[in-house]
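Shown next, in structure tokens, is the structure this report addresses.
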Amino acid sequence: MKKIKLKVPATVANLVCGFDILGMAVHDPYDEMEFRLLETPEIIIKHIDAFGLPEEPSGNVAGIVLLKIQEYFNLKNGFEVIIRKHIKPGSGLGSSAASAAGAAFGANVLLGNKLSKEEMIYFAMFGEELASGVRHADNIAPCIYGGITLVKSTHPIDIVSLNSPDLFVTAVHPQVEVKTSDARQILKKNITLKSAVEQWGNIAGLVAGIQKNDFPLIGRSLNDVIIEPIRSILIPKFDEIKAKSLQLGALGGGISGSGPSIFMLSEQKETAEKIAEMMKSVYTEIEIESFVYVSKINPSGIQIVEEV
Ligand SMILES: Nc1ncnc2c1ncn2[C@@H]1O[C@H](COP(=O)(O)OP(=O)(O)O)[C@@H](O)[C@H]1O
Ligand SMILES: N[C@@H](CCOP(=O)(O)O)C(=O)O
């Protein structure tokens, strides 16, 4: 096989309380990536989108992942990758992770499935390091495994696939810039034992709620006493959107990844759609353009849509 096309989903990292360890894939938005195995050792990256991302392989998260794979296997082949990006970079919806995970996944298929999922995570983390300075796996894991994942450890790589509850996800991306690297810089390096204990309760409650399909427990556990109070200051109308979403019937939610996107989980489609309308109108009122997505948890992650 010489050519494949992939559909690579957006991801919501952290799931509010699980900083750097929890993440979930959604159906919408998603990127499209087309891969071709080349007889020559070059890496060619082409973007068919309007984001102006670097096409130099060492400056593009997909390129860096392919360079690492090429080096590891001492390949005489190269890759051409055409990326049609719909997940806006810097959105907090795992735009960099989609390119990184998609690159590891696509190269693996073209090379005859030499890599395990853990090895794909290993290579994809180089892409996240390029984008944010840190090899975090909470976006790339759900992209590759699908559904909701727990990054038990990145060294050694130990990923746990969790249940995928039948829930709707509403996400809003206000057009304000929050770079993951900046949103990490502002975090406190030390936390109190009291807040750590509270956060452990939230994470354990969330994982238990996900595994048991206990929606009220999921709602009670979507609470972050460490990261959200600091990062939410960067997101206009964060408190208002959260409060209004809960009034409209959301189970809970918070910052998606490092922001500025905000996500909410709901049991009913109608609730998710009402929340979407509210989110849009809150930002329209203050003249901030926003993009709103109503989607579901995506249990499959990256999908091959064409193989030639
Ligand atoms: N293929 C790519 N897709 C997305 N971002 C990329 C890509 N290549 C390089 N980047 C860089 O990664 C950064 C975006 O990553 P990040 O801030 O983590 O956004 P997101 O939260 O959407 O993943 C930007 O600086 C962007 O220029
Ligand atoms: N755990 C990371 C997740 C970053 O997600 P992104 O979608 O904003 O890239 C963090 O919170 O920094």
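Numbering of ligands and ligand atoms starts at 1, following listing order. Note that the numbering runs from 1 along the sequence shown for the chain.
In this structure a side-chain-to-backbone donor-acceptor pair under 3.5 Å is missing from K152 to V160.
Residues I255 and I262 are not in side-chain contact: their nearest non-hydrogen atoms beyond the backbone lie 4.5 Å or more apart.
The side-chain tip of K88 points at the ring of F291 from less than 6.0 angstrom away and within 45° of straight on. Cation-pi geometry between K85 and F51 is not met: the NZ or CZ atom fails to fall both under 6.0 Å from the ring centre and inside 45° of the normal.
Look at G257 and you'll find every heavy atom at least 4.0 Å from all atoms of ligand 1. Heavy-atom distances between R231 and ligand 2 reach below 4.0 Å in at least one pair. Residue-ligand proximity: G94 is placed with a non-hydrogen atom under 4.0 Å from ligand 2. In this structure, A100 does not count as a contact residue of ligand 1, since none of its heavy atoms falls inside 4.0 Å of the ligand.
Remark: ligand 1 atoms within the under-4.0 Å shell around heavy atoms of S99 are 1 (N), 2 (C), 3 (N). Counting atoms of ligand 2 from 1 in the listed order, those under 4.0 Å from a heavy atom of G92 are 6 (P), 7 (O), 8 (O). Contact atoms of ligand 2 toward F19: 10 (C), 11 (O), 12 (O) (distance under 4.0 Å to a heavy atom of the residue). Interface of K88 with ligand 1, defined as ligand atoms under 4.0 Å from a residue heavy atom, comprises 22 (O). Those atoms of ligand 2 that come under 4.0 Å of a heavy atom in A13, given as number and element, are 3 (C), 5 (O). Near G94, meaning under 4.0 Å from any of its heavy atoms, are these atoms of ligand 1: 23 (O). In summary, the atoms of ligand 1 found under 4.0 Å from a heavy atom of A131, numbered by their order in the structure, are 12 (O), 15 (O).
Comparing K179, E177, R184, E128 against atom 25 (O) of ligand 1, the shortest heavy-atom distance belongs to K179.
Protein heavy atom closest to atom 23 (O) of ligand 1, with residue, atom name and distance, is S96 OG, 2.8 Å. The single protein non-hydrogen atom nearest to atom 7 (C) of ligand 1 is V61 CG2, 3.7 Å, given as residue, atom name and distance. The shortest contact between atom 11 (C) of ligand 1 and any protein heavy atom is with L53 CD2, 4.4 Å. Here the heavy atom of the protein found nearest to atom 21 (O) of ligand 1 is G92 N, 3.1 Å. If you check which protein heavy atom lies closest to atom 12 (O) of ligand 2, you get R184 NH1, 2.8 Å. Nearest to atom 9 (O) of ligand 2 among the protein's heavy atoms is T180 OG1, 3.3 Å. Protein heavy atom nearest atom 5 (O) of ligand 2, with residue, atom name and distance: N139 OD1, 3.1 Å. The protein heavy-atom contact nearest to atom 8 (O) of ligand 2 is S258 OG, 2.6 Å.
For the pairing with K46, the salt bridge (charged side-chain N to carboxylate O under 4.0 Å, His left out) check across E80, E55, E56 returns one residue only, E80.
Defined by atom type and a distance below 3.5 Å, a donor-acceptor pair is present between the side-chain atoms of T40 and E42. For S266 and T271, the side-chain atoms include no donor-acceptor pair closer than 3.5 Å. Judged purely by distance below 3.5 Å, without hydrogens or angles, the side chains of S295 and D28 never pair a donor atom with an acceptor atom.
Note: F123 and Y72 meet the aromatic proximity criterion, with ring centroids under 6.0 Å apart.
Contacts with ligand 1 closer than 4.0 Å are made by no heavy atom of S132, backbone or side chain. By the criterion of a heavy-atom distance under 4.0 Å, the side chain of N14, and not its backbone, is placed next to ligand 2.
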Going through the distances and angles, do E34 and V81 end up as a side-chain contact (heavy atoms from CB on, under 4.5 Å)? CA-CA 6 Å; E34 191 176 314; V81 187; over 6 Å; no

